[in-house]
Every structure is written in C-alpha cells, then in structure tokens.
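Order of listing sets the numbers, starting from 1, for every ligand and every atom in it. For clarity, every value in this text was computed on a predicted model and none was experimentally measured.
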Amino acid sequence: MNIVLTGSIGNIGKPLTEELVKKGHTVIVISSNAERTAAIENIGAKAAIGSMFDADFLTATFKGADIVYLMETMEAAGDLFDKSINFISSISKIGEAYKIAVEQSGVKKIVHLSSIGAHTDQGTGIIVFHHHVENILKQLPEDVAIKFIRPVGIYFNMFSFIRTIKNKGSIISNWGGDQKEPWVSPLDIADVIAEEIEKPFEGRTVRYVASDEVSPNEIAKALGEAIGQPDLKWKVIPDEELFQNWLNIGFNEQVARGFVETQASQGSGVLYEDYNKNKPVLGKVKLADFAKDFAEAYRV
Ligand SMILES: NC(=O)c1ccc[n+]([C@@H]2O[C@H](COP(=O)([O-])OP(=O)(O)OC[C@H]3O[C@@H](n4cnc5c(N)ncnc54)[C@H](OP(=O)(O)O)[C@@H]3O)[C@@H](O)[C@H]2O)c1
C-alpha cells in the first residue's frame with residue numbers, strides 16, 4: 001500500500017517506518033527538516049519536506065495514498081519556553097490543515113495518533129488539544145474511516161525526573177503513591193499502528209495502547225535501582241508549588257498550568273476514566289526494560 005506518515009522519524013515514526021518498509025509498503029515520511037532526507041531514504045522510505053500546518057503541501061503529499069498516519073506535536077507549535085504561544089489553539093490549526101488535506105486529496109483511511117484523555121475536554125490539562133483534533137477530524141465526511149490511537153503516558157516523560165534526582169535527590173511531582181497506572185513504549189505504539197494499518201477500516205474506532213501498569217512508588221524503586229540509588233523516593237508537592245517551580249524555570253504559563261493539571265488528573269484517575277473501561281492487552285516493553293534506558297540517560 002501507499003502510506004504517508006507525519007511525525008518524521010521521531011520516537012514512534014522511526015520504528016513505524018522501518019516496520020512498514022519491511023512489510024513491503026511504499027512509505028512517504030513528512031519531515032519539516034530537509035536535512036532529515038538522507039536518514040529517511042536510508043530506511044527505504046521517501047521524504048516529503050514541509051510543514052504539518054501547510055494544507056496545500058499536505059494535500060499534494062497525501063494524493064494517491066491509501067492510508068495516512070496523522071500526529072500533532074507541541075514541538076510544531078513552538079518552544080515550550082516561548083510565552084507568546086497559545087499551544088492549544090495552535091495545535092487545532094494542525095488539525096484543520098489535516099482535515100482540509102484529507103478532503104482535498106480524497107484519502108479515505110486515517111490512523112490518528114491521539115492520546116489518553118482525549119475522551120473529554122474537562123480536567124485533563126494541556127493534552128486537551130488531542131480532544132480538539134479528534135473532534136476536528138470527526139467532522140470529515142462519513143466515508144472517511146478513522147482509527148483513533150490513544151497511547152497512555154510514554155515512558156520517555158520520565159526523563160524529566162533526571163533534573164530533580166540530580167539536584168534534589170528525589171523524584172518530585174504533584175502526584176504519586178501506590179496506585180498503579182499505565183505507561184507505554186513508543187515501540188509498542190509503533191507496533192499497534194503498523195497492525196492497525198493492515199487491518200480493515202470501518203467508521204470511527206478508538207484503541208488504547210499501554211505496555212505496563214505500575215505505581216509511582218514502584219517507578220521510583222525501579223529507576224532508583226537502575227541508577228544505583230535503591231532508596232530513591234517519589235515525593236509529592238502541592239499543584240501550586242509545582243506550578244511556581246515551572247514558572248521559575250521559565251515555562252510558558254499555559255504549558256506549566258496545563259502539565260500540572262494533566263499530572264493532577266493522573267493522580268485523581270480522571271485521565272484514566274475511559275481507559276479503565278476499554279483496557280488494551282499490554283505490550284511487550286516493560287518498566288524494567290525502560291529503566292535500563294533511563295540509567296543510560298542519567299549517566300550522561
Ligand atoms: N508524551 C506522552 O506521554 C504522550 C502520550 C500520548 C500521546 N502522545 C503523542 O505522542 C507524540 C509523540 O510522538 P513521537 O515521540 O513520535 O514524536 P517526536 O519524536 O517528537 O517526533 C515528531 C516529529 O515531528 C516533526 N515535526 C515537528 N514540527 C513539524 C512541523 N511543523 N511539520 C512537520 N513535521 C514536524 C519533527 O521531525 P522533523 O524535525 O524531521 O520535522 C519531530 O521530530 C506527541 O506529540 C503526542 O501527540 C504523547
């Protein structure tokens with residue numbers, strides 16, 4: 001099949017491109033950076049250089065595709081420290097560009113990388129932009145089939161713990177405790193997307209992706225042991241204190257407030273309401289596997 005992928009050869013895009021090329025598909029990878037061309041071609045795909053905000057570029061690239069994989073990223077909207085950016089409304093513009101390009105190119109099958117929490121616009125913080133993009137795509141004509149893929153929190157979010165472990169000796173966040181919650185590897189997400197690309201498309205469907213279910217305290221233990229600090233603790237501070245810490249670092253206020261709210265919804269379980277009703281079979285990459293990557297990143 002002819003498949004167009006957004007998201008370049010990022011964390012999910014690279015293994016996804018490799019898998020689809022290996023299966024014999026013709027793959028075009030969209031990147032915003034012309035210097036990425038050689039790396040994309042080395043995998044056996046073609047590069048299309050342009051922006052996910054550019055409906056004309058997307059339309060031309062999507063023409064003739066059997067399936068397009070669409071993702072939106074905060075990185076595309078700008079620097080998280082740039083205080084002039086409204087990330088939520090900017091990312092809706094990516095959704096609008098995708099909608100126009102799908103309609104104008106005539107593509108009938110979409111796999112959309114959404115997120116845990118996209119079932120609601122209430123109380124999930126910054127990631128509400130995924131809910132908005134799902135809704136924009138749902139406005140497409142009925143004959144466009146869409147698979148909404150909703151990964152849970154990705155393990156690599158935990159790299160942000162490195163700073164406080166090094167500076168303050170512990171993981172510090174606004175949620176914690178012994179309640180298990182789901183985490184996922186980009187490799188398991190890529191596997192699920194590759195699988196869904198080959199399965200029949202009909203109407204609008206939702207599939208959650210998760211690799212392991214572990215509690216914050218279990219994470220502290222696993223990561224602590226991996227970095228040679230078996231007594232590492234996960235400390236909980238109030239939402240407002242974390243918000244102020246992040247403003248002090250210089251984060252955009254919408255981003256700081258938004259991530260505090262997202263994490264608060266992890267702690268309260270609001271984020272997982274719909275996931276808990278539609279639990280997937282867990283993937284193969286476990287926290288113990290990620291702990292090795294974490295230890296490597298910690299040493300740098
Ligand atoms: N973190 C989580 O817990 C979580 C949970 C659920 C869902 N998600 C979703 O997962 C996504 C992350 O996927 P990922 O890790 O594969 O992403 P990634 O590694 O950050 O790759 C995204 C790529 O998009 C490209 N890009 C940036 N701006 C662009 C633009 N204007 N036009 C075209 N391409 C552009 C960049 O590559 P080039 O430099 O080559 O252009 C970038 O590397 C998030 O964005 C979010 O939507 C995340």
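Counting the atoms of ligand 1 from 1 in the order shown, those under 4.0 Å from a heavy atom of Gly153 are 3 (O). Of all atoms in ligand 1, listed by their number and element, those nearer than 4.0 Å to a heavy atom of Ser114 are 7 (C). Residue contact check: His130 has heavy atoms under 4.0 Å from atoms 46 (C), 47 (O) of ligand 1. Every atom of ligand 1 is numbered from 1 in the order shown, and the set under 4.0 Å from a heavy atom of Leu113 is 9 (C), 10 (O), 11 (C). Taking a cut-off of under 4.0 Å to the non-hydrogen atoms of Thr73, the atoms of ligand 1 that pass are 45 (O). Near Asn157, meaning under 4.0 Å from one of its heavy atoms, ligand 1 places the atoms 1 (N), 2 (C), 3 (O). Those atoms of ligand 1 with a heavy atom of Phe156 less than 4.0 angstrom away are 1 (N), 15 (O). Taking a cut-off of under 4.0 Å to the non-hydrogen atoms of Val152, the atoms of ligand 1 that pass are 5 (C), 6 (C).
Residues Tyr298 and Gln229 have side chains that bring a donor and an acceptor to within less than 3.5 angstrom of each other. Between the side chains of Asp82 and Ser84, at least one donor N or O sits under 3.5 Å from an acceptor N or O.
Salt bridge annotation for Glu41-Lys46: absent, with no cationic side-chain nitrogen under 4.0 angstrom from a carboxylate oxygen. The residues Arg257 and Glu240 are annotated as salt-bridged, a charged nitrogen and a carboxylate oxygen being separated by less than 4.0 angstrom.
In this structure, Lys279 forms no cation-pi arrangement with Tyr208, as its terminal cationic atom is not both closer than 6.0 Å to the ring centre and no more than 45° off the ring axis. Judged by the 6.0 Å distance and 45° axis criteria, Lys83 is not positioned over the aromatic ring of Phe251.
Residue contacts with ligand 1 do not include Arg150, since none of its heavy atoms lies under 4.0 Å from the ligand. Between Gly7 and ligand 1 there is a heavy-atom distance shorter than 4.0 Å.
Looking at every heavy atom in both residues, Gly169 comes nearest to Leu232 through O-CD1, 3.7 Å.
When only interatomic distances are considered, the shortest N/O to N/O separation between Ile154 and ligand 1 falls below 3.5 Å. The shortest N or O to N or O distance between Ser115 and ligand 1 is not below 3.5 Å. Taking distance alone, with nitrogen or oxygen atoms compared against 3.5 Å, Ile30 stays at or beyond that limit from ligand 1.
The main-chain N or O of Gly283 is found under 3.5 Å from a side-chain atom of Lys286 such that the two form a donor-acceptor pair.
When Met71, Glu75, Glu72 are ranked by how near their heavy atoms come to atom 42 (C) of ligand 1, first place goes to Glu75. Among Met158, Glu35, Met52, the residue whose heavy atom lies closest to atom 26 (N) of ligand 1 is Met52.
Of the protein's non-hydrogen atoms, Ile12 N, 2.8 Å is the one closest to atom 16 (O) of ligand 1. Of the protein's heavy atoms, Asn11 ND2, 4.0 Å lies nearest to atom 18 (P) of ligand 1. Closest to atom 31 (N) of ligand 1, if we only count protein heavy atoms, is Ser51 OG, 3.5 Å. The protein non-hydrogen atom at the shortest distance from atom 25 (C) of ligand 1 is Ser8 CB, 4.0 Å. The closest protein non-hydrogen atom to atom 38 (P) of ligand 1 is Arg36 NH2, 3.4 Å.
Between Arg207 and Glu195 the shortest side-chain heavy-atom distance falls below 4.5 Å.
Between Phe290 and Phe159, the distance from one ring center to the other falls under 6.0 angstrom.
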Side chain to side chain donor-acceptor pair (under 3.5 Å) between Glu261 and Thr124, worked out: CA-CA 6 Å; Glu261 275 180 28; Thr124 56; over 6 Å; no
CA sep, side-chain torsions, deciding dist, call: Ile9, Leu16, side-chain contact (heavy atoms from CB on, under 4.5 Å): CA-CA 8 Å; Ile9 43 173; Leu16 178 60; over 6 Å; no
